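What follows is one structure encoded as structure tokens, with my remarks underneath.
Just follow the structure's listing: the first ligand is 1, and inside any ligand the first atom is 1. From a predicted model like this one, the values you see are computed outputs, not experimental measurements.
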Amino acid sequence: MKVLVPVKRVLDYNVKARVKPDQTGVDLSNVKMSMNPFDEIAVEEAVRMQEAGTATETIAVSVGPAKAQETIRTALAMGMDRGVHITTDEDLEPLAVAKILKAVAEAEGAELVLMGKQAIDNDYGATGGMFAALMDWPIGQYANTLAPGEGTIEVKREIDGGLQTVTLKLPAVVTTDLRLNEPRYASLPNIMKAKRKPIEAKTPEDLGVDTTPRLTIVKVTEPKTREAGVIVETVAELVDKLKNEAGVI
Ligand code: AMP
């Protein structure tokens with residue numbers, strides 16, 4: 001089956017996010033950017049499917065500025081076959097990304113779209129569901145284990161309190177959770193090889209997708225800093241503090 005993996009370039013997960021002074025968003029100037037960690041897991045899974053012979057072709061797609069090419073190159077260095085770069089300087093909303101992914105999935109004839117459960121920059125966790133709805137495809141969210149079958153894929157999903165197993169009829173969408181696999185590091189020869197793999201560039205306009213924003217960001221603020229905790233000596237002291245200081249019991 002042909003597998004499409006959307007990969008987003010985001011703030012590296014080790015970097016502490018700083019809010020821009022005008023509170024319009026997160027300051028991305030001069031900070032390390034990387035592939036969204038959940039997307040790395042999706043890439044790893046696609047490459048493993050290719051190695052196992054269940055994926056016939058693996059395509060990485062990224063929607064973003066010129067530098068998003070680096071993210072596609074990382075996916076290619078991990079072992080994916082080729083890339084599609086949808087160029088835009090806007091930080092697009094999930095619905096716009098989902099519409100773009102629909103156009104790409106249709107053009108490519110993708111049978112499985114493996115994506116992250118959420119992008120760690122905005123934490124929307126919305127694109128997978130919107131994309132599945134636009135395609136009218138089944139979706140298995142928060143995948144812990146995947147088992148491709150004949151025209152189907154079995155997904156063990158992480159849910160509150162355990163794992164739920166569902167079988168999806170292909171074509172389908174799967175979103176990855178942390179425990180699905182541990183992504184590999186790209187080896188130097190594979191990084192070199194990836195430089196020769198093709199990346200096709202298009203714009204949202206080429207795909208006929210209207211990306212006009214529908215949301216207005218009112219303001220972005222830092223989370224409140226947490227006050228330091230205290231260690232209590234006895235249960236009685238804890239109960240007293242909860243009752244008389246915190247007022248929660
Ligand atoms: P979100 O709904 O923004 O939390 O993103 C969920 C998933 O959608 C990500 O893990 C990616 O797989 C995919 N995605 C979101 N935005 C983009 C983008 N700009 N380019 C490629 N994939 C994206």
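- The shortest non-hydrogen separation linking R48 to R184 is CG-NH2, 3.8 Å.
- For ligand 1, the 4.0 Å heavy-atom shell contains residues P6, V7, K8, N36, D39, V61, S62, V63, V97, M115, G116, Q118, A119, N122, Y124, G125, A126, T127.
- For the residue pair L170 and E111, the shortest heavy atom distance occurs at CD2-O, 3.7 Å.
- With respect to E158 and K117, no salt bridge is recorded, no charged nitrogen being found less than 4.0 Å from a carboxylate O.
- Between D91 and K8 there is a salt bridge, since a side-chain N of the basic residue sits under 4.0 Å from a carboxylate O of the acidic one.
- In terms of heavy-atom proximity, P94 sits nearest to T127 at CB-OG1, 3.5 Å.
- Closest approach of D81 to K197, counting heavy atoms only: O-CD, 3.5 Å.
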